[in-house]
Amino acid sequence: MSAAQPPRAIAWLVGVMVALALFGNYYVYDSIGPVADLLQQQRAFSDSQVGLLNAIYSLPNIVLILVGGVLVDRFGAARMTLVTAAVCLAGAALTAFSPNFTGMATGRLLFGIGAETFGIATLAAIADYFGGRSLAFAMGLALAIGRLGSFGADMSPTWFSAAYAQGWQPPLVIATAFAATSFAASLAYWWADRGPRKAGLLPTGRTAERLVWRDLLHFGRAYWYLLALCVLWYSVILAFRSTFSIKYFQHTHGLDLATAGEMNSYVFLAAVFATPAFGWLCDRVGRYAPFLAFGTLMLPIALAVMALTGWSLWVATVLIGISFSLVPAVMWPLASRLVAPNRFGTAIGLMWVAQNAGIGGANLFAGWLNDSAGASAANPAGYAPMMAFFGTASVLGFVCALALWLTAGRRRHEVRAAASPGRAAAG
């Protein structure tokens, strides 16, 4: 590791470029949900096909997430950010300009191949420039700006109403333009990185974290409860919120596209501000598992409000916003307390593998349920099986959170874990 550090001005310039790159990448990921109904109306896509457009993003990362860190360490954060941003731009363009479903699915697959390694590379970039000084703040700020990209995608029917009035393709062309912006910001970062790297002002010799299968034998029950919760919670909230929620709001609650997009967007807007605040609160209180259980409970309640009551969607949106802000703020710090430090890379790697498999599977299964039940604006009841599936999975996630709380989340456990991180709660 280099003892010297880049000038703060250069560090913050890189931070701005990385944040802009993340904004464009997040926008592209969430660009399918707002056009889902248009794809059905104008291209006769089934819900299974719409679900596949997001599921196919996750499927390659069941494997690629294991090698993404290795590639970043081998070729450097700046180079891999630039290369993967180019892959994401190619995928976004192929999605927007393909004449058929196969081409669009190939574009989303290509985008997914680049995007997860892009995410690892951008986090490594922040670590390179802010290690030892304002790292948590810089990383949280970059991710918050990235989430604003998701907010922008949901708001796009309002912001770019003229484009949506022309059909499904212009909104995806706009998403491609944001991917181009992401690539341009990545190029600027790569250019700015050349000087400090040649001057020896950046860390060297970082080793990649590998998934070591034999280490799985050393994980205790608490970790497996957390992994199951991670898979169930992310599968529900991302498959519903990023793929089917806008279409669901249109068909079952009678919202127009712009209003449905706005309603969906507030979840991400709230998380931009609330996630760091919840993380700060948990650190101050010194408790994690109770907050995690509370956050996971909000999700099935929100789904029940949407599916079973005539209450305003604002109620469900607030509950989902609390869950989406609180659970990620607690889950990853808690993971560091449940496993020994020398096995943390294995633990996180396995959680990301399982998470991508769950998100991909949930998208495919939810789409199949909608098609089987004939879900549409003319048949809003056809969405009931999908909502039952998401509701059941979210309840199981809450059960896992309770089991984790009882196993390793009581006050005496967490005090002991704070004194000896990664070991007290591993049994």
Side-chain angles (χ1 to χ4, degrees), residues 1-2 5-7 9-30 57 60-61 64-93 107 109-131 134-150 175-209 348-349 352 356:
M1 298 285 289
S2 171
Q5 289 184 314
I10 297 297
W12 281 109
L13 174 63
V14 167
V16 169
M17 294 300 103
V18 168
L20 291 175
L22 284 168
F23 180 98
N25 194 266
Y26 278 48
Y27 186 102
V28 177
Y29 175 79
D30 281 294
Y57 167 97
N61 292 304
L64 291 181
I65 199 67
L66 301 178
V67 300
V70 175
L71 293 174
V72 171
D73 283 328
R74 172 66 179 83
F75 297 105
R79 187 181 302 177
M80 286 306 300
T81 298
L82 180 60
V83 169
T84 53
V87 173
C88 291
L89 173 57
L109 174 65
L110 188 60
F111 176 74
I113 288 172
E116 287 293 291
T117 301
F118 172 87
I120 295 173
T122 52
L123 292 179
I126 297 294
D128 279 350
Y129 279 84
F130 291 90
S134 307
L135 176 59
F137 174 72
M139 195 169 289
L141 186 61
L143 291 175
I145 293 173
R147 281 185 170 177
L148 285 175
S150 294
T176 304
F178 277 105
T181 302
S182 178
F183 175 76
S186 300
L187 180 62
Y189 157 48
W190 172 80
W191 183 265
D193 179 80
R194 297 166 71 207
R197 194 162 298 279
K198 287 181 179 179
L201 300 179
L202 295 174
T204 58
R206 188 173 62 242
T207 57
E209 294 178 332
I348 294 299
W352 281 13
N356 275 285

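The shown structure was predicted, so the numbers you read here are calculated from the model rather than taken from an experiment. Heavy-atom basis, side chains included; hydrogens, waters and symmetry copies ignored.
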_Spacing of OH belonging to Tyr57 relative to CG belonging to Asn356, to within rounding of 0.5 Å_ = 7.0 Å
*Please round to the nearest 0.5 Å and tell me the distance separating atom OG1 of Thr181 and atom CG of Leu20.*
8.5 Å
_Quick one, Tyr129 and Ile10 - any side-chain contact, counting heavy atoms below 4.5 Å?_
yes
*Please tell me if the side chains of Trp190 and Met17 come closer than 4.5 Å, counting only heavy atoms from C-beta onward.*
no
*Go through the structure and list residues passing side chain to side chain contact (heavy atoms under 4.5 Å, CB included) with Thr84, not counting sequence neighbours.*
Met80, Thr117, Phe118
*Taking ring-ring contact (aromatic ring centres under 6.0 Å, His included) as the test, write out the residues that go with Tyr26, two or more places apart.*
none
*Closest approach of Ala175 and Val28, non-hydrogen atoms and distance?*
O-CG2, 3.3 Å
*Taking atom CG of Leu110 and atom SG of Cys88, what is their separation to the nearest 0.5 Å?*
8.0 Å
*Measure across Phe183 and Leu82 and return the closest heavy-atom pair with its distance rounded to 0.1 Å.*
CE1-CD1, 3.5 Å
*Roughly how far, to the nearest 0.5 Å, is CD1 of Ile126 from OG1 of Thr122?*
7.5 Å
*So, for Thr81 and Ala121, which heavy atoms are closest and what is the spacing to 0.1 Å?*
OG1-CB, 3.3 Å
*Examine distances only and state if a side-chain atom of Thr176 and a backbone atom of Ala92 form a donor-acceptor pair shorter than 3.5 Å.*
yes
*Mind checking what makes ring-ring contact (aromatic ring centres under 6.0 Å, His included) contact with Tyr189, not counting sequence neighbours?*
none
*Report yes if the side chains of Leu22 and Val18 come closer than 4.5 Å at any heavy-atom pair, otherwise no.*
yes
*asked:* Could you check whether Ser150 and Asp30, counting side-chain N and O atoms only, form a donor-acceptor pair closer than 3.5 Å?
replied: yes
_With rounding to the nearest 0.5 angstrom, report the CG to CG distance, Asn25 to Leu89._
11.0 Å
_For a quick test of reading the model, state the closest non-hydrogen atom pair linking Ser182 to Ala85 and the distance between them._
O-CB, 4.4 Å
